[in-house]
Amino acid sequence: MRSDITRRAALALALGLLALPAHAQEAGTKPLRIGIIGAGKIGGTIGTLWVRAGHEVMFSSRHPEELKGLVEGLGARARAGTPAEAIRFGDAVFVAVPYKAYPQLGADLGEALKGKIVLDAGNATQARDGDLHAEVAANGIGATSAKYLAGARLVRAFNAANYRIFEGNANRPAPRMAVPIAADDAAALELGGRLVADAGFDPVPVGTLKDADRFAMGSAGFGHNLSAPDLRAKLGLAP
């Protein structure tokens, strides 16, 4: 019971920190190394934003040679590797693969992901993911990701809109587009919020992984291009 109370208190503290203006979060802004598993539309889009923000990014694929054009176009802070190499490389990891790949990803690389802060951008769709979509519908998207990526310090992020929306609205003039995030781990939530901000958006902490259902695909909180105050109002969060 004591450990659960402590975890909740720490998470509440992180939620408070992330609600502060950006200038209040400037401490600890040393560039990070980020490993991206999946260099498709969402992985390529968000990874490019992080490179432009000054982070070092390893885009990964089972065929990293196919990423040559992407990384050469982004310059010295971008590189390509395998998923295993990206996990070893990253201070944080961004998972941006089709949700049907999660069980195999966990089987192949779950041990390497344990203890890592992992931003989870996956969504489950019935047409593509079949039984896995049914599992998400029954148990929740956060709980299902945590099952297959057991031991990772998960942050649900960059999954509440299409990649084109992120691409078109990153670093726009104020008010910036808000991105909802959720995590059970306070430090992971804080770092996830920083990476959302560095990509050019305003992070809106929603709560724990269970609360990620509030902005999952198909929910009332999914698919919005709103400012942080408007998104908080849409999700029924405190201003």
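Any value given below was found using the heavy atoms of this structure, including those in side chains, with hydrogens, waters and symmetry copies removed.
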Next on the checklist: Is there a side chain to side chain contact (heavy atoms under 4.5 Å, CB included) between Tyr102 and Val95? Walk through the geometry before answering.
Outcome noted: CA-CA 9 Å; Tyr102 277 47; Val95 173; 3.5 Å; yes
Checklist outcome for this item: NZ of Lys114 to CD1 of Ile87, rounded to nearest 0.5 Å, is 12.5 Å
Checklist outcome for this item: In terms of heavy-atom contacts, Gly140 and Thr144 come closest through O-OG1, 2.7 Å
Checklist entry - Between CG of Leu237 and CG of Leu231, what distance do you get to the nearest 0.5 Å? => result 7.0 Å
Checklist entry - Is there a donor-acceptor contact under 3.5 Å from the side chain of Ser219 to the main chain of Arg214? => result yes
Checklist entry - If you measure from CG on Leu191 to CD1 on Ile117, what distance do you get to the nearest 0.5 Å? => result 4.5 Å
Next on the checklist: Could you go through Lys41 and Glu167, starting from their C-alpha distance and side-chain angles, then the distance that decides it, and tell me whether this counts as salt bridge (Lys or Arg N to Asp or Glu O under 4.0 Å)?
Outcome noted: CA-CA 10 Å; Lys41 293 173 180 178; Glu167 187 176 54; over 6 Å; no
Checklist entry - Just by distance, with hydrogens left out, do Arg172 and Asn225 show a side-chain donor and acceptor under 3.5 Å apart? => result yes
Item to check | Close side-chain approach of Pro98 and Arg128, heavy atoms under 4.5 Å | outcome: yes
Checklist entry - Looking at side-chain heavy atoms only, is the closest gap between Leu74 and Phe59 below 4.5 Å? => result yes
Next on the checklist: Does atom CD (Gln126) have a neighbourhood of more than 12 heavy atoms from anything else shown, all under 6.0 Å?
Outcome noted: no
Next on the checklist: Using modelled atom types and a 3.5 Å cut-off, is there a donor and acceptor pairing between side-chain atoms of Ser60 and backbone atoms of Ile36?
Outcome noted: yes
Checklist outcome for this item: The residue among Asp131, Asp129, Thr125, Leu105 that forms side-chain contact (heavy atoms from CB on, under 4.5 Å) with Lys100 is Asp129
Next on the checklist: With a 4.0 Å cut-off on N to O distance, would you call Lys234 and Asp230 a salt bridge?
Outcome noted: no
Next on the checklist: Is there a side chain to side chain contact (heavy atoms under 4.5 Å, CB included) between Arg176 and Asn169? Walk through the geometry before answering.
Outcome noted: CA-CA 8 Å; Arg176 301 207 300 180; Asn169 288 279; over 6 Å; no
Checklist entry - Arg62 versus Thr82: any side-chain heavy-atom pair under 4.5 Å? => result no
Item to check | Heavy-atom closest pair, residues Gly35 and Phe89 | outcome: N-CD2, 4.3 Å
Checklist entry - Have Ser145 and Tyr99 got a donor and an acceptor in their side chains that come within less than 3.5 Å? => result yes
Checklist entry - Which residues pass the side-chain hydrogen bond (donor to acceptor under 3.5 Å, both in side chains) test with Glu72, sequence neighbours left out? => result none
Item to check | Salt-bridge contact Arg33-Asp91 (side-chain N to carboxylate O under 4.0 Å) | outcome: no
Next on the checklist: Between Asp120 and Arg156, does any side-chain N to carboxylate O distance fall below 4.0 Å?
Outcome noted: yes
Next on the checklist: So, applying side-chain contact (heavy atoms from CB on, under 4.5 Å) with Val155, which one of Asp185, Leu209, Val118, Ile181 is it?
Outcome noted: Ile181
Checklist outcome for this item: d(Asn123 CG, Ile141 CD1) to nearest 0.5 Å is 6.0 Å
Checklist outcome for this item: Of all heavy-atom pairs linking Val71 and Ala80, the shortest is CG1-N, 3.9 Å
Checklist entry - Is it true that Val97 and Ile42 fall in one hydrophobic cluster, defined by side-chain heavy atoms closer than 4.5 Å? => result no
Next on the checklist: According to side-chain hydrogen bond (donor to acceptor under 3.5 Å, both in side chains), who are the partners of Arg52, at least two apart in sequence or on a separate chain?
Outcome noted: none
Next on the checklist: Determine whether Val93 and Leu113 satisfy the following criterion, side chain to side chain contact (heavy atoms under 4.5 Å, CB included), listing intermediate values before the conclusion.
Outcome noted: CA-CA 8 Å; Val93 175; Leu113 287 169; 4.2 Å; yes
Checklist entry - In terms of hydrophobic clusters joined by side-chain contacts under 4.5 Å, are Leu67 and Tyr163 together? => result yes
Item to check | Path from Phe158 to Leu154 over hydrophobic side-chain contacts below 4.5 Å | outcome: no
Item to check | Given Arg77, Arg79, Lys30, the one that forms salt bridge (Lys or Arg N to Asp or Glu O under 4.0 Å) with Glu56 | outcome: Arg79
Checklist entry - Distance from Leu195 atom CG to Ile46 atom CD1, nearest 0.5 Å? => result 10.5 Å
Checklist entry - Transitively linked via ILVMFWY side-chain contacts under 4.5 Å: Val136 with Leu149? => result yes
Next on the checklist: Working note: Asp198 + His55, criterion side chain to side chain contact (heavy atoms under 4.5 Å, CB included); need CA distance, chi angles, decisive distance, verdict.
Outcome noted: CA-CA 9 Å; Asp198 287 351; His55 297 296; 2.8 Å; yes
Next on the checklist: Quick check on the 6.0 Å ring-centre criterion: do Phe166 and Phe201 meet it?
Outcome noted: yes
Checklist entry - So, Lys116 side chain and Gly90 main chain: donor-acceptor pair closer than 3.5 Å or not? => result yes
Next on the checklist: To check you understand the geometry: which heavy-atom pair defines the closest contact between Ala170 and Ala199, and what is its length?
Outcome noted: CB-O, 3.6 Å
Checklist outcome for this item: For Pro103 and Leu132, the nearest pair of non-hydrogen atoms, with its separation, is CD-CD2, 3.9 Å
Item to check | Atom pair CE/CG of Met217 and Asn159 - distance to nearest 0.5 Å | outcome: 9.0 Å
Checklist outcome for this item: When every non-hydrogen atom of Ala124 is compared with those of His133, the smallest separation belongs to O-CD2, 3.4 Å
Item to check | Single-linkage hydrophobic cluster, 4.5 Å side-chain cutoff, Val196 and Trp50 together | outcome: yes
